[in-house]
Each structure stands twice: as C-alpha cells, then as structure tokens.
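Below you'll find the structure, written out as structure tokens, and then a few comments.
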Amino acid sequence: MSDQPSSAPTRPVVTRIAPSPTGDPHVGTAYIGLFNYTLAQQAGGKFILRIEDTDRNRLVPDSEKRIFTMMQWLGLTPDESPLQGGPNGPYRQSERFDLYGDYARQLVASGAAYYAFETAEELTALRDAAQAEGHVIAVPSRELDAQDAQQRMDAGAEAVIRLKVPHDGETLVSDVLRKPIAFQNREIDDKVLLKADGYPTYHLANVVDDRLMGVTHVVRAEEWITSTPIHVLLYRAFGWPEPVFAHMPLLRNADKSKISKRKNPTSVEWYQQQGYLPEAMLNFLATMGWTHPDGLEVFGLAEFQRVFRLEDVTLGGPVFDLAKLNWLNGKYLREVLSEDDVARRLHAYLQSQKHELPLDDYFRAVVKMLTPRIEVFSEFLDKTGYFWTEDYPVNEKAHKAIDDARLLLPELASRLKNLPTFDAASIKEAFGTFAEEQGLKLGKVMPPVRAAVAGTMESPDLLSVLETLGRERVVARIERAARPA
RNA sequence: GCUCCCAUCGUCCAACGGUCAGGGCAACUGAUUUUCACUCAGAAGACGUCAGUUCAAUUCUGACUGGGAGUACCA
C-alpha cells in the first residue's frame, strides 16, 4: 500500500514551503521557495505557504508576516497561506493543534508509536552512553507494557509519544536528485512525535500536514535528508503514499559551511534595504545549483519556468557569492530595466529609505548618468551628494586639482557665465577654445572644474554634469573654488 | 564518535567514454574616454588521490582523502 511514489503524471502538483517563524525572512527560504513555486507553476498546480510554529520558545511574533512579505516582494506569492487562507487551512500549525494529538494517538493504538516517560536528565544520560558505545539511543519506555503505559497516562503522567522504529531492516529514501538512500533502521532512533506540551514535533506535523494538504512534491533543503527515513516510516505507519522527495543543496558561506548570519547577509530584508532588485535576486538564486541550458546568465522568472527541470539541479553546495549578485543587479539596471523604470524604482527605494527627492527631470538626468556607475541603489546617494546640496565634501585629490589650477578658474567661470546656451555641446566648445588660447590640454582644464563642481575626481561625464547642474550652480561653485582657501 | 550527502578554474556552472575541458563572476593586462564607471579586446586560471572496467576515462565502479549536513520534547 505504500510502495513507490513514482510521480504519476496525472497527479496535480502541490508544493509548499514550511518555514518556522523564528526570525528574519531567510534567503534559504526564498531559495527553496523559488523552486517550489516554479514546480507548481509549471504544472498548473498549487504552492502553499505553511507556518511551522510548533516551537513556542523560538517564536518571533512578526516573523510570519515578514516571510509572507518577502515572498510577495520576490514575486513568489503562494496560492494558499495563513494570510490568504485556502481550502486546506488553517495554515498555521499552532491552529491545527488538536489534529496532531489525534494522529499520534492513532499510531500508539496501532502499535507504531508509544508513550515515553523518560525525563530530560535520563535521556541525556542514555544518549551519552549510547554514543559512547557507538549506537543509537534505546528508550526504555518502548519496552513498557502498553496497558501499563495507558494507565499511567490515564493517571495524568506526563509523557511524549515516540515513533517505534523497527529494529531490523532498512528504510529506503527515494530522491529525485540522487540514487535511493538506504538507512539501516537500527541507526534511526525513536523520534519524539508529540511533545509533552501536546505540540507535535516537525516530523509528525510535517507528515500529517503534507498529507492533509495534498502535497505531492516535497522539495526542501539537504539538511532534511537524514530525517526523511523517519517521515517515510510515518507515511507507512499511517498507510499513506509518500510524496516525491527532492533535497536541494544548501547555500554556503565562502568557507563552504551552511550559509549563516555571521558570514553572510541572510535576511532578505537586508537585500531589500540595500536596494537589490527582486528579479536580480531571483535570477541569482536560480543559478545556485542550476544553469540555464543555453548558458543564459540573465533571465527572468518566466524564462526560468519555461526551462527549469528539477533533475538538472547540481548537488555541490553553491557558495553564495555576493559579487556575482552585485554584477547581476547592475546588469538589470543597465540592460534589463528601462531608464524610466530605473528612475521610478530608485525613487521608490529612496522614499522607502526616508529620502525625499522629487521624481523630476533633474532626478532622471542624474539617475541616467549614475546607472552605469552603481550596482545597487544604496550606492546612489553616496555618489551623488553634489547634485543635491551645495554643502558637498571636497576630497584631497579634488583640493589638489583646484590648487594646481586656481588661476584658471575665474576666467573659466566667466566664460561659462557668458555662454549663450548652457548645454554640453556649447560647454565643450568653450573648454576647447579656452584650452587652445591658453596653450593647455583639455586634461589640464577639465579636472579642476570637475573638482570644483563635484568635490571629487570621479564623476560622470563632466559636460553632462555641468549641463545638468545648470549654469547658476556651476558658475557659483567654480567662483567659490577660485577663492583662495 | 555514528549516519547520510557531495567532489571540474578562487567562485557559479557546461561537457554526461574520444574536445586544445567551455562559459559567467572575481582578479589581472590592454583599448576607448575629460576622471570614474560602462563597453570592447586579451591573458591567466580546474578535472582531489589511488585502484578497477574499457581500445579510450573528467565522465562508469570501488577505496581513500577532503568538504558538508544530521545526530533535541528546534525546525
């Protein structure tokens, strides 16, 4: 009754992510979400967001909402979730509380699980001893007479329910991405299914909910591989068919360890605040463990959906390389989004960061000049200070450039002041004739102007900068720089 | 310790028995330019080791080594 899951093509695909609301919305959740969303989308199925909040101790109140917001930001909005509801709700495990006890007791009744009365201290001792001898913990309560155990329960004893894992044989885990994985049952300990507080553990809740919600494909991180035999055993104990399993590689730090807060920004909110584009983020995540068959580096969700195949995922743990993400984000700014999109989205970003700049032609002109010079939005203000204030910093190199050419400045200012039209072409001509008259190269004339006007030697094309700033500001700045310090 | 997973340039991937082992990012060198970028061009850079199978192994098998994950009344 519980043989192969072998993906029957007619079965509707239902996928899910089941994060626990214990902190910041994690990039790993987004990563796994991308694949689950895509798989469901490809098959015209459903993608569910279920909140696994069975650990009351680690619960972070607004975490659930932030996870949902992250998924929306990325464009991976689930079909069903605690915030939207759906036919399979509730989608918060804490709200399904009663369910798990019933199912756990059903297993006790059928002999597939048992009440266990060991205290935390006893377990620690047992575990230490077991490890010293190189085998898995044996829980004494397993040997208790079922009748006696039930009596103790009726008398109000505190207990957990544990899975009675067979002593012999092996449990085979099928995984779309690798060969069948064999676990010796003697190596699997009797996992707790229902905690003393009545809440289920992940193992129980996960299997029960996946079953009840009709989940057909369990695509999750590799860290779950070793607990999958427990899940398989549970499906069998309940007499339910297994879903299709696929364990994705873990995102890694540069040192190859599992990606962590200490060594990488792991909160998707951080990327949002830095001004990364969700489409770049998604594109980047898609290339972790997978590449486009035609070698495309830049592609969107729709294209990903068109060509992605689970079987093509590679299993080496991909290092999360911020440099590549940065490049990709810059690529989107320069080549994928239109000028207008960039301006509008940058403006929205700045607003979200509490910087009020008008979305006008001036702003658009600055954005256009800066687009090839930034990779993420957070760099924008740092590089454009002199466009927004007269009180911009002047760095050392700029000071020097001004000092070296201070005598030229007054004349330059006056010529610019008297130009019939103040546009890039006229300014260029003015510089040209001035340089010629002075017997100087343009390379002697333009740097001090740049320094005066921007306070830095690194800026967009000077002529465009001048035209954008406008005659008034430019002349004033050059005159100000001309005055000895 | 035990169990399990993984293994191509620094990094992300391609090549799925026969190729000078290919591309992207990063780093490097040039070109262009009024600076910085962008862009373009170029060079550099890898099959972990040892067996076995085969006419032929990066590719298949095994061992080893290395890396990773799990080992909770956390998920």
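In what follows, every chain begins at residue 1, and chains take the letters A, B, ... in the order their sequences are listed. Below, all heavy atoms of this structure are taken into account, side chains as well, without hydrogens, waters or symmetry copies. On a predicted model such as this, the values are computed, not experimentally measured, just so you know.
Only the C1' atoms considered, B:rG62 is 11 Å distant from B:rU53, to the nearest whole Å. Across the P atoms, B:rC4 and B:rA63 are found 11 Å apart, a figure rounded to whole Å. Taking atom C1' on both nucleotides, B:rU19 is separated from B:rU8 by 15 Å, rounded to a whole Å. Distance check on atom P: B:rC28 versus B:rG22 gives 23 Å, rounded to whole Å.
Proximity note for A:Thr226 (side chain, C-beta onward) versus B:rC25, B:rC13, B:rU3: the nearest is B:rU3.
Atom CG in A:Asn283 sits roughly 13 Å away from atom C1' in B:rC13 (whole-Å rounding). Taking atom CD of residue A:Gln131 and atom P of nucleotide B:rA72, one finds them 9 Å apart after rounding to whole Å.
The side chain of A:Lys258 contributes an N or O atom lying less than 4.0 Å from OP1 or OP2 of B:rG70. Taking side-chain N and O atoms only, A:Arg334 has a distance below 4.0 Å to OP1 or OP2 of B:rU39. The shortest distance between the side-chain N/O atoms of A:Arg56 and the OP1/OP2 oxygens of B:rA75 is not below 4.0 Å. For the pair A:Thr314 and B:rC12, the criterion of a side-chain N or O lying under 4.0 Å from OP1 or OP2 is not met. At least one side-chain nitrogen or oxygen of A:Arg162 sits closer than 4.0 Å to the OP1 or OP2 atom of B:rC73. For B:rA75, one of the phosphate oxygens OP1 or OP2 lies less than 4.0 angstrom from a side-chain nitrogen or oxygen of A:Lys195. Residue A:Arg58 places no side-chain N or O under 4.0 Å from the OP1 or OP2 atom of B:rA75. The side chain of A:Lys256 contributes an N or O atom lying less than 4.0 Å from OP1 or OP2 of B:rC12.
Shown here for A:Leu315 and A:Pro249, the closest heavy-atom pair between the two residues is O-CB, 3.9 Å.
Residues from residues 287-301 of chain A placing a heavy atom under 4.0 Å of any atom in RNA chain B, listed by number, are A:Thr287, A:Met288, A:Gly289, A:Thr291, A:Glu297.
Comparing A:Leu462 and A:Gln184 by the nucleotide of RNA chain B that holds the closest heavy atom to each, the one mapping nearer the 5' end is A:Gln184. RNA chain B is contacted by both A:Ala254 and A:Ser464; A:Ala254 maps to the nucleotide lying nearer its 5′ end (nearest heavy atom per residue).
Under a 3.5 Å cut-off, the side chain of A:Arg473 and the backbone N or O of A:Thr468 do not form any donor-acceptor pair. Looking at A:Asp189, its side chain never comes within 3.5 Å of a backbone N or O of A:Ile137 through a donor-acceptor pair.
For A:Ala182, the side-chain contact (heavy atoms from CB on, under 4.5 Å) test picks out A:Glu170, A:Leu172, with sequence neighbours left out.
Donor-acceptor pairing under 3.5 Å is recorded for the side chains of A:Thr228 and A:Arg220.
In this model, no side-chain donor or acceptor of A:Arg373 finds a partner on the base of B:rC38 within 3.5 Å. In the interface, the side chain of A:Arg178 is not paired with the base of B:rC5 through any donor and acceptor atom under 3.5 Å apart.
A 4.5 Å side-chain heavy-atom check between A:Arg477 and A:Tyr392 finds at least one atom pair inside the cut-off.
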- Message: Show, in sequence, the C-alpha distance, side-chain angles and deciding distance for A:Phe320 and A:Phe284, and conclude whether the ring pair (Phe, Tyr, Trp, His ring centres under 6.0 Å) test is met.
- Response: CA-CA 9 Å; A:Phe320 192 92; A:Phe284 174 65; 5.0 Å; yes
